[in-house]
Structure formats: C-alpha cells, structure tokens
Amino acid sequence: MEKTVQLYEGKAKKVFATPDETKVIVSYKDDATAFDGTKRGTIVGKGVVNNKMSNYLMQILEKEGVPTHYVEELNDRETVVKKVEIVPLEVIIRNISAGSFAKRFGVEEGIVFKTPTIEFSYKNDELHDPLMNEYHALALELATKEEIETIKAMAFKVNEVLKAYFLKLGVKLVDFKLEFGRLPDGAIVLADEISPDTCRFWDAETNEKLDKDRFRRDLGNVEDAYKEMMRRVFGD
Ligand code: TMP
Ligand code: ASP
C-alpha cells in the first residue's frame, strides 16, 4: 500500500491517506517535544524505535483480546493502520507514582500503588491537556457512557498484559498514556502508539529511566535509553 496525500502532521508523526479509504499510513519522526510543544528537539532513531515497538506491542495486545488499529508494518518508520476517529481523551494508567501525579499530590516518585489508577486528560494542547473526569467527558460529549466503560476496561487490560510483559524484560511499567479511536461501525480500538514517548519505563534493578523523561528532564543519554528499550524488546 502506498501513501497518497498527507492528512495531518502531529508532533511525532505524520499521517497519510492511502488508496483504501479505511486505512491510513503513519510515519514516525525523530522530532521530540515536551510541555505542550514548548521544548523541542530531535532524538536520533526515535521514530524507528517507536514504530517497531508500538507495532510489536499492539500485536501482543491483539492476541490477548484487545482490538487495535494496527494493520501492517511497511518499513522502519511507516505502518498501515485502520483509519479511526480519535476520541479526544488521553487515558493515563499509573502503577507507580511519578511525573504529574507526584507533583499534583506532593508525593515522591516511586510509590508502588496497590491498585493501578486511571485518569483522563482532554486532548487539547492550547488548554494544556487539562485533567478531566468521566462526567466532564460526557458533558462535552467527547464519548458516550458505554464508550468510556469500554475504554476503561481496555486500558486496565492493556496494563495487566504490558506490566507482566515488561517485567520479564527487567523493566517496570511505571505509567503510560493511551488513545482510543472509533471505527466506522462505532467499535472502539486502541490507537496512537505505545512507546518510550508515551510510557515511563524504569529498569527493574536500578530504577534507571529508560524513556522520554530523559529528554523532558535533560538527563542525558536520551538515544541510549530508546536503544536499550529496543534491545530489551527485540534482543541484539
Ligand atoms: P504525566 O505524569 O506527565 O501526567 O505523564 C503520565 C504518562 O503519560 C507518562 O508515561 C508520559 C505520558 N505522556 C504522554 O504520552 N503525553 C503527554 O503529553 C504527557 C504529558 C504524558
Ligand atoms: N509530547 C507532549 C508535548 O509536546 C508532551 C510530553 O510527552 O511530555 O506536549
């Protein structure tokens, strides 16, 4: 399948139309942004890591009964996915305190929760992706009650599958962000990406950060962290 016109350019990906109107091609860039795009940079090789890792994880999830947008990897940076209407919610699951959770509630990073948490943000950079609860999402008609229930169940299932998967690779899945989309028949599928851009990964032994926090917080060795996660997933 080949790209026709560019439909959209986001911060980390471009999306192209294809001759099949039910499919699009996503192309992963090395561009990195943080803090609503105010911090910008390049992480060499990131697009390849995120494309390959996201596709691999989505295939694992499909086997475990989580429907996703994934269709076919075309090359290192490009993948065919089902065309969806994105539900404008960022769905965040947390297993361990970090990032905005630690800041908002005034606690240290690294508290292991007995039960994972879920939260939603309204996907809107101008408003800085404000935190929202499900009643807010319903009031703004971003999703129906049934869709929100489906999204929550799928997000917790993704967490159970991926937490166990990464632990076997010596990685703690601290937290992550998911996005969901609607197919033309209304079915909800997991969309966007699952990668070191959208997850916090800590080495299980040392708690070394192996994700985009190295870029967000200027910790150095950013490319090495992406490469290391690639190595854990795919081997040498
Ligand atoms: P947070 O602690 O900053 O709220 O981030 C929670 C998780 O969501 C973390 O794994 C990083 C991911 N994330 C995104 O994928 N996109 C974003 O824009 C932000 C702020 C976080
Ligand atoms: N990519 C997001 C942005 O630029 C933020 C992040 O991942 O921290 O807003």
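Computed from a predicted model, the values in this text were never measured in an experiment. Start at 1 and go down the list; that is how both ligands and their atoms are numbered.
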Ligand 2 atoms in contact with Lys11 (distance to a heavy atom under 4.0 Å): 2 (C), 3 (C), 4 (O), 9 (O)
Using a 4.0 Å cut-off to any heavy atom of Gly37, which atoms of ligand 2 qualify? 3 (C), 4 (O), 9 (O)
Is atom 7 (C) of ligand 1 close to the protein, meaning a heavy atom under 4.0 Å from it? yes
Between Lys209 and Leu219 (side chain of the first, backbone of the second, donor and acceptor by atom type, cut-off under 3.5 Å), is there such a pair? no
Donor-acceptor pair, Arg232 side chain versus Leu169 backbone, under 3.5 Å? yes
Would you kindly specify which portion of [X] sits under 4.0 Å from ligand 1, judged on non-hydrogen atoms: side chain, backbone, both or neither?
X      : result
Asp211 : neither
Glu119 : neither
Lys212 : neither

Is the Phe120-Tyr135 ring centre distance short of 6.0 angstrom? no
Do Phe234 and Tyr56 have their ring centres less than 6.0 Å from each other? yes
Considering only non-hydrogen protein atoms, determine which one is nearest to [atom] and report residue, atom name and distance to 0.1 Å.
atom                    : answer
atom 14 (C) of ligand 1 : Lys177 CE, 3.6 Å
atom 1 (N) of ligand 2  : Lys212 NZ, 3.0 Å
atom 11 (C) of ligand 1 : Arg216 NH2, 3.6 Å
atom 17 (C) of ligand 1 : Glu90 OE1, 4.1 Å
atom 4 (O) of ligand 2  : Thr33 OG1, 2.5 Å

To the nearest 0.5 angstrom, please state how far the OH atom of Tyr226 sits from the CG atom of Asp211. 7.0 Å
Among Arg40, Arg77, Lys11, find the one that has a salt bridge (Lys or Arg N to Asp or Glu O under 4.0 Å) with Asp30. Arg77
When you compare ligand 2 with Asp36, is there at least one nitrogen or oxygen pair between them that comes in under 3.5 angstrom? yes
